[in-house]
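Position 1 is the first residue of the sequence; numbering continues from there. Note that the structure is predicted; figures quoted are calculated from it, not measured.
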Amino acid sequence: MKNIYSNIYKATNNNLNKAKIVIEKGDVVAVPTETVYGLAANAYNNKAVKKIFALKKRPSHNPLIIHFKNIEQIKKETIINNNFLKLAKKFSPGPLTYVLKKKKNSKISKFANKGLSSIAVRIPNEKNILKLLNILKCPLAAPSANKSKSLSPTTAKHVADEFNGKVKMIIDGGACTIGIESTVIDLTAKPKILREGGLSSEIIEKFLKTKLSENKNKVIKSPGQIGLHYSPGMPIYMNRNKAIKDGALIAFANRSYSNKNVFNLSTKGNLKEAAKNFFNTLRVIKNKKFKSISVNKIPNKDLGKAINERLIRAAQYE
């Protein structure tokens, strides 16, 4: 029987150098980040970026996040501003993505940002992808390593299961420490949150000492703005205390559930723990062939906002 995990490689320096060669040849490598695993390719290479879209079956109008090794590299491709500098010096590397104006002479592939005048950028805070970025001469276009609309991967095996050998090389950095995608902030005008994520928007507001404006713009500037997304492929019912027939229940906080169809994100009511467990829990439920998912009420604060945002999009079941 074929080993379906033969394309998973330990995150050694030798294997990172192999990944570098694969990327330089214009191919795609799956990489760990602190948020979720990503499909990474040379952000300067049009053909390589197109391969990401093809693998993910991603809508062509949905731009990619570009991962950089440091602020100086970002400056070469974007028009920075004071809000970016303040936030980046405080929160980067980390789970915060910035939408900035793209320089006219930027080398970033036009397919990565779908012809927009802006581009989404971040510096990841995971040692292996940072090592890879530091031995490459290019930034990496790296959306989540899953097929479009489906569950984001938080382990190397999730990626292997998702693509069944179509990704030649998956770097295994262990389970993601945050487990939910980056927060996206638009800095092209007055700061506004485009996607809740691994850094609470409340923390950002407190740091900037300003209320972040609501995103009312229909232009898709970053991932996480389309309709159905993060889906386990079954109906999701929010703010429920029990499952329906043949369904699973996702619980939160210290509740006295003991049924086999109950999966607790955090018995302690810890939102960081809940976020880390979120996608893996959805994947376990999907693999167990439940017919639906009911979810306890998740507090809409801190990382709970990110969880609820994903539940709302996932609940738009087709």
What heavy-atom pair brings Leu133 and Phe68 nearest, and what distance separates the two atoms?
CD1-O, 3.5 Å

Pairwise distance NZ(Lys131) to CD1(Ile171) - rounded to 0.5 angstrom
11.0 Å

Indicate yes or no for a side-chain donor-acceptor contact from Asn42 to the backbone of Cys138 under 3.5 Å, with no hydrogens or angles considered.
no

Check whether Glu202 reaches the backbone of Asp302 with its side chain - one donor and one acceptor, N or O, closer than 3.5 Å.
yes

To the nearest 0.5 Å, how far apart are CD1 in Ile298 and CG in Leu303?
11.5 Å

Could you pull out all residues at least two apart from Asn83 that satisfy side-chain contact (heavy atoms from CB on, under 4.5 Å)?
Asn81, Lys86, Leu187, Pro191, Leu208

Apply side-chain contact (heavy atoms from CB on, under 4.5 Å) to Lys276 and list each qualifying residue two or more places apart in sequence or on a separate chain.
none

Quick one: sort the Phe84 and Tyr98 rings into parallel, tilted or perpendicular, breaks at 30° and 60°.
perpendicular

Enclosure of Asn82 CG (heavy-atom neighbours >12, cutoff 6.0 Å):
no

Residue set satisfying ring-ring contact (aromatic ring centres under 6.0 Å, His included) with Phe53, at least two apart, ordered chain then number -> none

Can you list the residues that meet the ring-ring contact (aromatic ring centres under 6.0 Å, His included) rule with Phe163, with sequence neighbours excluded?
none

Please evaluate residues Arg195 and Ser182 with respect to the criterion side chain to side chain contact (heavy atoms under 4.5 Å, CB included), reporting the C-alpha separation (whole Å), side-chain torsions for both, the decisive distance (0.1 Å), and the verdict.
CA-CA 8 Å; Arg195 178 179 74 185; Ser182 62; 3.1 Å; yes

CG on Leu212 to CD1 on Ile193, rounded to 0.5 Å:
5.0 Å

Of all heavy-atom pairs linking Val262 and Ala251, the shortest is CG1-CB, 4.0 Å

What distance do Thr12 atom OG1 and Lys18 atom NZ have between them, rounded to the nearest 0.5 Å?
7.5 Å

Heavy atoms only: give me the nearest Gly179-Phe279 pair and the separation to one decimal.
O-CD1, 3.4 Å

Look at atom NZ of Lys147 and say whether more than 12 heavy atoms of other residues, nucleotides or ligands are closer to it than 6.0 Å.
yes

Side chains of Asn146 and His158, donor plus acceptor under 3.5 Å
no

Can you find a pair of side-chain heavy atoms, one from Ile285 and one from Pro232, that are under 4.5 Å apart?
no

Would you check, one step at a time, whether the test side chain to side chain contact (heavy atoms under 4.5 Å, CB included) holds for Asn308 with Leu311?
CA-CA 5 Å; Asn308 284 325; Leu311 284 169; 4.1 Å; yes

Consider only side-chain heavy atoms of I, L, V, M, F, W and Y, link residues closer than 4.5 Å, and tell whether Ile8 and Ile21 are in one cluster.
no

Please answer whether the main-chain N or O of Ser118 pairs with a side-chain N or O of Asn113 as donor and acceptor at a distance below 3.5 Å.
yes

Mind checking the OG1-CG spacing from Thr154 to Asn277? Nearest 0.5 Å is all I need.
9.0 Å

Does any non-hydrogen side-chain atom of Phe263 lie less than 4.5 Å from one of Ile293?
no

Between Ser92 and Leu87, is any pair of side-chain heavy atoms under 4.5 Å apart?
no

Under 3.5 Å, is there a donor-acceptor pair between the side chain of Asn17 and the main chain of Asn13?
yes

Distance-minimising heavy-atom pair for Ala30 and Val159:
CB-CG1, 3.8 Å

Verify the neighbour count for atom NZ of Lys51: are there more than 12 heavy atoms of other residues, nucleotides or ligands below 6.0 Å?
yes

Main chain of Gly247, side chain of Asn261: is a donor-acceptor contact present, judged purely on distance under 3.5 Å?
yes

State, with a plain yes or no, whether a side-chain heavy atom of Ile244 is found less than 4.5 Å away from one of Lys291.
no

Do Val22 and Lys168 come within less than 4.5 Å of each other through their side chains, counting heavy atoms only?
no

Are the side chain of Glu309 and the backbone of Glu196 linked by a donor-acceptor contact shorter than 3.5 Å?
yes

Could you list the residues that satisfy ring-ring contact (aromatic ring centres under 6.0 Å, His included) with Tyr237, not counting sequence neighbours?
none

So among Pro153, Ser144, Ser150, which one has a side chain to side chain contact (heavy atoms under 4.5 Å, CB included) with Glu162?
Ser150

Is there a donor-acceptor pair under 3.5 Å between the side chain of Tyr37 and the backbone N or O of Gly173?
yes

Heavy-atom closest pair, residues Val295 and Leu249:
N-CD1, 4.3 Å

With no hydrogens and no angle check, is any side-chain donor or acceptor of Asn296 less than 3.5 Å from a backbone partner on Arg240?
yes

How close do Ala315 and Ile236 get, counting heavy atoms only, and between which atoms?
CB-O, 3.8 Å

Within one Ile-Leu-Val-Met-Phe-Trp-Tyr cluster: Ile307 and Ile312, side-chain cutoff 4.5 Å
yes

Looking at side-chain heavy atoms only, is the closest gap between Lys107 and Lys76 below 4.5 Å?
no

Should Leu85 and Ile79 be regarded as members of a common hydrophobic cluster, given that ILVMFWY residues are connected when their side-chain heavy atoms come within less than 4.5 Å of each other, either directly or indirectly?
no

Identify every side-chain donor-acceptor pair in residues 120-127 under 3.5 Å, counting partners at least two apart or on other chains, and give the distances.
| unit_1 | atom_1 | unit_2 | atom_2 | d |
| --- | --- | --- | --- | --- |
| Arg122 | NE | His67 | NE2 | 3.4 |
| Arg122 | NH1 | Glu34 | OE2 | 2.8 |
| Arg122 | NH1 | Gly94 | O | 2.9 |
| Arg122 | NH2 | Thr33 | OG1 | 3.3 |
| Arg122 | NH2 | Thr35 | OG1 | 3.1 |
| Glu126 | OE1 | Asn128 | N | 2.8 |
| Glu126 | OE1 | Ile129 | N | 2.9 |
| Glu126 | OE2 | Asn128 | ND2 | 2.8 |

For a side chain to side chain contact (heavy atoms under 4.5 Å, CB included) check, start with the C-alpha distance between Leu136 and Glu24, then their side-chain angles and the critical distance, and finish with the verdict.
CA-CA 8 Å; Leu136 284 165; Glu24 287 175 343; 4.2 Å; yes

Please determine which of Arg58, Lys56, Lys114 meets the side chain to side chain contact (heavy atoms under 4.5 Å, CB included) test together with Leu64.
Arg58

Side chains of Asn287 and Asp161 in contact at under 4.5 Å (non-hydrogen atoms):
no

The test is side chain to side chain contact (heavy atoms under 4.5 Å, CB included); show your working for Leu140 and Leu132 and say whether it passes.
CA-CA 10 Å; Leu140 292 171; Leu132 183 57; 4.1 Å; yes

Sub-3.5 Å donor-acceptor pair from the side chain of Asn264 to the main-chain atoms of Ala253, do we have one?
yes

Does any N or O in the side chain of Asn15 come within less than 3.5 Å of the main-chain N or O of Lys10, such that one atom is a donor and the other an acceptor?
yes

Find the distance between CD1 (Ile185) and NZ (Lys192) and round it off to the nearest 0.5 Å.
10.0 Å

State, with a plain yes or no, whether a side-chain heavy atom of Tyr44 is found less than 4.5 Å away from one of Pro139.
yes

